[in-house]
Amino acid sequence: MAKSGDGIRILQGLLVFGNVVIGMCGIALTAECIFFVSDPHGLYPLLEATENDDIYAAAWIGIFVGFALFALSILGIVGVIKSNRTLLLVYIILMLTTYAFEMASCITAATQRDFLTPNLFLKQMLERYNKSDTDNNNDKWMAEGVTKTWDELMLQKHCCGVRGPSDWQEYTSAFRSRHKDADFPWPHNCCVMDAQGSPVNLDGCKLGVPGYYNSNGCYDAISGPMNTQAWGVAWFGFAILCWTFCVLLGTMFYWSRIEY
Amino acid sequence: RPHSRPWHPGARTMFLLLLPLLAMAHGLDELPHKPKPSMASSTLGGLTTSSTFTLEQPRCIFTDLQDDVVIWLVVAVPEAVRNFNNSVRPGSPERQFQKFPTSALAYMTLNTTLLNYPCPKPPGEITVLRVGSETSCAEDNTRPTCNGPLPGPGPYQVKFLALMDSDPVAETAWSDPITLRTARQLSSIPATGSGRSAGMIALTSILSILFAVLLAVLVAMLVFCGSNACGGSGSFSKPEAVTVRRYNTHHVYDQPAARL
């Protein structure tokens with residue numbers, strides 16, 4: 001019995017180690033998802049206006065899954081050390097439930113990332129930026145969110161439009177129906193601003209003189225943080241789930257070896 | 001040897017070029033022709049918009065004129081170029097901006113004395129004229145020489161005309177036709193294609209397979225090993241709780257050494 005006793009001891013040690021790692025990863029997942037949900041780049045109104053903010057739903061699920069993983073890992077450690085069949089069965093069932101939720105979160109985040117293309121943001125910007133004749137309250141709310149977000153984005157990241165200022169020239173837009181093309185070839189926030197927040201040279205900006213207006217597009221500034229969020233939730237979750245798979249298999253094997 | 005020599009090819013080409021010029025110069029015989037106006041540098045982002053365009057200033061072109069000559073910009077539709085009459089006064093109904101291009105086929109604007117176009121041009125300075133930048137007087141009939149936004153995408157042809165007390169003294173050739181930008185409808189932006197990336201497909205399939213394996217192993221575990229331990233000699237019992245008490249040889253207590 002000594003040999004199998006050693007083998008069981010090793011398995012126990014491995015399972016405890018596995019659960020410790022799961023617990024720590026759970027905390028990390030919660031922290032990461034809280035960071036994403038707090039929206040440090042202020043891009044949430046753009047997602048809200050697409051009426052499809054599943055990336056945020058995935059992050060919210062991630063927060064609770066992280067906590068659950070941490071709690072369950074403690075339960076798992078206790079169950080393995082005590083070799084209690086009931087505890088371990090409860091642990092396995094609850095872990096599978098958490099596994100299913102985390103799987104949903106990962107797949108949602110990865111799928112949503114594919115949805116966020118430059119054309120999506122271009123269409124949204126042209127339709128909603130500075131829109132004045134809104135149909136209902138919801139429409140008004142979304143238009144205001146988009147306008148405010150784009151104004152801040154263009155000011156802080158020194159960019160204009162999605163691909164460039166020519167977006168405002170190439171397509172009709174709500175902005176164009178409100179402001180004449182001769183006065184505003186592109187919004188004034190595309191101009192290089194001085195410390196007081198007014199354009200350094202408005203005529204130079206309207207002419208498009210390099211140095212007086214922002215000639216690059218904002219797509220990188222939008223997609224960078226969103227990519228980080230989507231990949232962070234999806235692939236970190238995937239890694240945790242792969243590890244959890246191994247630990248669960250080991251736990252089920254361990255459970256089947258315990259005598260009543 | 002023939003009497004008449006065949007014409008040199010260059011001479012023949014020159015003669016062919018002179019013929020139409022002689023025909024056209026019929027109405028403009030006394031005015032010296034200058035080079036045609038050119039568009040500004042293409043590094044300007046707002047070179048042409050949907051209602052404005054930008055020309056280079058006519059520097060070092062009207063070199064042999066007095067300083068108090070007034071240089072006007074003539075903007076016309078191509079149909080008016082052939083029979084253009086230089087003697088029509090600027091601001092008359094035939095040349096009124098507000099009636100362009102319906103009843104006035106050309107208008108004159110951006111008048112300034114030759115003093116404002118000094119020669120030579122200082123290096124590094126941007127010397128341009130933005131045609132269409134004045135929106136305030138576009139509907140004002142009291143300002144027939146308004147530099148208002150162009151009403152359509154064109155094409156238009158321009159030239160500079162030098163007037164001394166309303167008499168034409170010099171002019172440039174007509175420019176090439178200038179066509180402005182036309183904005184496309186934003187509904188023409190392609191609906192965002194939901195492209196499935198390879199990463200998303202891999203993630204979804206791997207996670208689904210792992211989850212299915214876990215469920216299968218759970219079911220097998222419960223069915224086969226539900227009521228008793230599996231594996232025979234590999235199984236083990238719960239670890240015993242061992243209590244050892246110190247013997248005090250002077251006092252003999254009836255206490256078991258280990259609980260079975």
Side-chain angles (χ1 to χ4, degrees), chain A residues 1 4-5 7-8 82-84 89 92-93 96 99-100 103 106-107 110-111 113-115 117 119-120 122-123 126-127 164-166 169-173 176 180-183 185-186 203-210 213 215 234-235 238 241-242 245 248-249 252-253 255-260, chain B residues 40 43-52 54 126 128 130 132-135 138 148-150 181 183-197 199-200 203-204 206-208 210-211 213-215 217-218 220-222 224-225 227-231 233-239:
Chain A
M1 288 289 262
S4 61
I8 288 298
K82 288 202 160 171
S83 292
N84 187 331
L89 190 60
I92 290 172
I93 304 277
L96 281 177
Y99 192 99
M103 208 170 89
C106 291
I107 294 177
T111 312
R113 176 59 208 93
D114 293 341
F115 179 66
T117 53
N119 274 346
L120 174 75
L122 179 65
K123 206 160 181 174
L126 294 172
E127 268 175 8
S166 55
Q169 288 293 312
E170 270 182 66
Y171 296 99
T172 59
S173 55
R176 180 60 59 229
K180 291 205 194 104
D181 167 77
D183 284 329
W186 32 73
D203 287 322
C205 178
K206 287 190 206 172
L207 271 176
V209 179
Y213 80 128
S215 51
W235 290 104
F238 178 76
L241 288 183
C242 287
F245 172 78
L248 275 179
L249 274 185
M252 289 197 233
F253 177 73
W255 185 88
S256 67
R257 290 269 180 265
I258 303 176
E259 273 184 10
Y260 261 121
Chain B
T43 56
L44 293 181
L47 185 64
T48 52
T49 69
S50 43
S51 61
T52 68
T54 309
I126 301 176
V128 295
R130 191 162 179 246
S133 60
E134 267 190 276
T135 48
L150 294 153
R181 293 206 203 199
R184 282 184 276 171
Q185 287 297 320
L186 77 92
S187 48
S188 71
I189 300 176
T192 59
S194 55
R196 306 242 174 265
S197 64
M200 191 278 282
L203 188 145
T204 310
I206 291 178
L207 285 183
S208 312
L210 293 185
F211 191 56
V213 164
L214 280 179
L215 283 180
V217 170
L218 175 72
M221 182 186 90
L222 289 175
F224 292 121
C225 313
S227 43
N228 55 324
C230 297
S233 64
S235 66
F236 63 102
S237 321
K238 284 200 317 200

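Just so we're on the same page: letters track the sequence lines, and every chain starts at 1. The structure presented is a predicted model; accordingly, all values stated were derived computationally and were not measured.
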Scanning both residues in full, the closest heavy-atom pair of A/A234 with B/L203 reads O-CD1, 3.9 Å
Once rounded to the nearest 0.5 Å, what's the spacing between atom CG of B/L44 and atom OH of A/Y213? 8.0 Å
B/S188 versus chain A, heavy atoms under 4.5 Å apart: side chain, backbone, both or neither? side chain
Less than 4.5 Å to any heavy atom of chain A: does that hold for the side chain of B/I126, its backbone, both, or neither? side chain
Rounded to the nearest 0.5 Å, what's the gap from OG on B/S51 to NZ on A/K180? Could you check? 9.5 Å
Check whether any side-chain heavy atom of A/S166 sits under 4.5 Å from a side-chain heavy atom of B/R181, and report yes or no. yes
SB check B/R184 A/E170 (cutoff 4.0 Å): yes
A side-chain contact here means heavy atoms from C-beta on lying under 4.5 Å apart; do A/C106 and B/L207 qualify? yes
Honestly, the part of B/L150 sitting under 4.5 Å from a heavy atom of chain A is neither
Verdict with reasoning, B/L218 to A/I93, per side-chain contact (heavy atoms from CB on, under 4.5 Å): CA-CA 9 Å; B/L218 175 72; A/I93 304 277; 4.2 Å; yes
Is there side-chain contact between B/M221 and A/L89, with heavy atoms separated by less than 4.5 Å? yes
Counting only heavy atoms closer than 4.5 Å, note whether A/S215 contacts chain B via side chain, backbone, both or neither. neither
For a 4.5 angstrom cut-off between non-hydrogen side-chain atoms, does B/S50 reach A/Q169? yes
Taking the side chain as every heavy atom from C-beta outward, state whether B/Q185 and A/Y171 have any atom pair closer than 4.5 Å. no
Heavy-atom pairs under 4.5 Å with chain A, option from B/L214, B/V213, B/I206, B/T52 with the top count: B/L214
Do you know which two heavy atoms are closest between A/A182 and B/T135, and how far apart they sit? CB-CG2, 3.7 Å
Roughly how far, to the nearest 0.5 Å, is the CD1 atom of A/I258 from the SG atom of B/C225? 11.5 Å
Does B/A183 offer a backbone N or O that forms a donor-acceptor pair with the side chain of A/T172 under 3.5 Å? no
At their closest point, which heavy atom of A/K123 faces which heavy atom of B/I189, and how far apart are they? NZ-O, 3.5 Å
Heavy-atom proximity to chain B below 4.5 Å, by part of A/P185: side chain
Below 4.5 Å, heavy-atom pairs only: which of B/V128, B/T54, B/V217 has the largest tally toward chain A? B/V217
CG (B/L186) and CG (A/L126) are apart, to the nearest 0.5 Å, by 5.5 Å
Run the side chain to side chain contact (heavy atoms under 4.5 Å, CB included) test against B/T204 and tell me which residues pass, sequence neighbours left out. A/I107, B/M200, B/S208
For chain B, the option from A/C205, A/G208, A/G204, A/C242 that forms the most heavy-atom pairs under 4.5 Å: A/G208
Working to the nearest 0.5 Å, report the span between CG of B/L210 and CZ of A/F238. 7.0 Å
Sequence-distant partners of A/Y99, ring pair (Phe, Tyr, Trp, His ring centres under 6.0 Å), two or more places apart: B/F211
